[in-house]
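Here's the structure, in structure tokens; my notes come after.
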Amino acid sequence: MSRRELREIVVDVALVIAAALAHFLDVTAVLQFVLAAVAIAGLARLVGTSTEQLGGRLGSSGAGAIQSALGNLPELFIALFALHDGLVKLVQAALIGSVLANSVLVLGIAFTVGGLRHGTQVFDSPRARMIASLTVLAAAILSVPSLAHAFHAPAAAHGRSLSLICAGVLLGVFVLTLPGLIAPLPGEPPHEPPRWSLPLTIVVLALAGVGAALVSDWFVSALQPAIKTLHMSESFAGLVVVAVAGNAVENVIGVQLAARHRPAFAIAVILQSSLQVALALTPVLVFVSLLFAANLTLVFPVLLAISLLFAAGLGTLVVYDGESTWPEGVILVGLYVVIAASFWWGA
């Protein structure tokens, strides 16, 4: 472990302690909210650093899938605590926001940074096309219950049952396509050899996961008071604040990889994260929410569903040719800004 990595761990521990003190000393809700959000971002970054060490053992594709999955731990914990508190609308916005943040915002920033530094970047087109196609499929399935409700289709009266059917299909697609997503590509360049031992990696991941669970609880407890103080809508808080904080791994790692001229690995980390939220995390939460008083369904506000379809469609267009440029990145970021702004007043 390098000195820089050791310093990062010390900083993350300090952030968790600061968030704990703010929570237990009952300081202002906004300060609790901010400190918890920063701590979540720090822990997510630590998870990303840890899982990056798996790349030397699994290759870029496998490491990207595992890094994306473990990077979604903070979002899972936040969603569980929010569902426990009955914040279904916020969880719905956060799940869609997570997909948008990765497939539009983070991908756009990565394309912009990589394009400005290295010009046109080329990545594996078949793998990228498969991920993009699965993202469009997931967006379409997630949108069906919302559109059925909006257009008063006969299925509108059975939103919960339709949501469970859609969730089951999404999980089935995830399980069937996962081997293809993590399989190493022919001629894939060797990943950077791991600097950490496997036991050290497991210990750091376990501690980061425990920390993420604790801080997520404090984050959710401060969320509603902070929203009222900041005059922010619950939808905007979920779509932007919660989603961006929970996706700190992809925000940092994906852009860094593009800046280092490793676009294939950057695409794997960024897009597989949004894909796993859509295909795995969201349906799992739909089923788990059956244990709570407030059930999570896929009947989202119509604007959320339409925004998801827009993002999936545009993301597929810019990825399908296997090349990325900085103007494409600017286009993606611009779309995200407009979608985020539309939810400032609620939805």
Side-chain angles (χ1 to χ4, degrees), residues 1-53 67 70-85 87 90-91 93-94 97-98 101-102 105-106 109 196 200-234 236-256 273:
M1 182 180 294
S2 66
R3 290 185 177 180
R4 180 183 62 81
E5 291 166 340
L6 186 59
R7 284 196 299 269
E8 287 183 0
I9 292 176
V10 172
V11 170
D12 291 336
V13 171
L15 290 173
V16 172
I17 292 174
L21 291 174
H23 175 74
F24 290 109
L25 294 178
D26 198 24
V27 301
T28 62
V30 173
L31 183 58
Q32 290 184 49
F33 177 72
V34 171
L35 289 175
V38 173
I40 288 172
L43 289 168
R45 177 69 178 87
L46 180 59
V47 170
T49 301
S50 303
T51 52
E52 190 177 5
Q53 299 304 308
Q67 190 168 43
L70 293 177
N72 290 324
L73 277 178
E75 297 168 271
L76 172 62
F77 291 133
I78 291 172
L80 289 176
F81 287 118
L83 286 174
H84 181 267
D85 291 348
L87 303 176
L90 182 138
V91 173
S98 180
N102 284 289
L105 176 64
V106 181
I109 295 174
W196 299 3
L200 176 61
T201 302
I202 293 174
V203 168
V204 173
L205 281 173
L207 293 177
V210 172
L214 293 172
V215 177
S216 297
D217 186 17
W218 307 333
F219 178 80
V220 172
S221 66
L223 188 57
Q224 281 191 307
I227 288 174
K228 293 179 181 177
T229 302
L230 296 172
H231 304 290
M232 183 190 306
S233 75
E234 190 174 294
F236 182 86
L239 186 80
V240 178
V241 180
V242 175
V244 171
N247 283 282
V249 173
E250 294 76 25
N251 295 351
V252 177
I253 298 296
V255 175
Q256 285 181 342
S273 179

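Ala208 is linked by a side-chain contact (heavy atoms from CB on, under 4.5 Å) to Leu46, Val47, counting only residues two or more places apart in sequence or in another chain. Arg3 pairs by the side-chain contact (heavy atoms from CB on, under 4.5 Å) definition with Arg7, not counting sequence neighbours. Taking the side-chain contact (heavy atoms from CB on, under 4.5 Å) definition, one finds that Val38 meets it with Leu15, Val34, sequence neighbours left out. For Ala20, the side-chain contact (heavy atoms from CB on, under 4.5 Å) partners two or more places apart in sequence, or in a different chain, are Phe24, Trp218.
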Mind running side-chain contact (heavy atoms from CB on, under 4.5 Å) on Ile9 and Leu207 for me, showing each step along the way?
CA-CA 11 Å; Ile9 292 176; Leu207 293 177; over 6 Å; no

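Between Ala39 and Val215, the closest heavy-atom pair is CB-CG1, 3.8 Å. Here the closest non-hydrogen pair linking Ala82 and Val91 is CB-CG2, 3.5 Å. Residues Leu35 and Ala22 come closest through the heavy atom pair CD1-CB, 3.6 Å. Minimum heavy-atom separation, Ala222 to Ala29: CB-O, 3.9 Å.
Taking 4.5 Å as the limit, every side-chain heavy atom of Val16 sits out of range of all side-chain heavy atoms of Asp12.
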Got a list of side-chain donor-acceptor pairs under 3.5 Å for residues 223-232, not counting sequence neighbours?
from: Thr229; atom 1: OG1; to: Pro225; atom 2: O; distance (Å): 2.9

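Rounded to the nearest 0.5 angstrom, Phe81 CZ and Leu87 CG are separated by 13.0 Å.
A donor-acceptor pair is defined here as one N or O able to donate and one able to accept, closer than 3.5 Å; such a pair exists between the side chain of Asn102 and the backbone of Ser98.
Judged as a ring-ring contact (aromatic ring centres under 6.0 Å, His included), the pairs with a partner in residues 26-47 (not counting sequence neighbours) are, in order, Phe33-Phe219. Sequence neighbours left out, not one pair with a member in residues 19-34 passes side chain to side chain donor-acceptor pair (under 3.5 Å).
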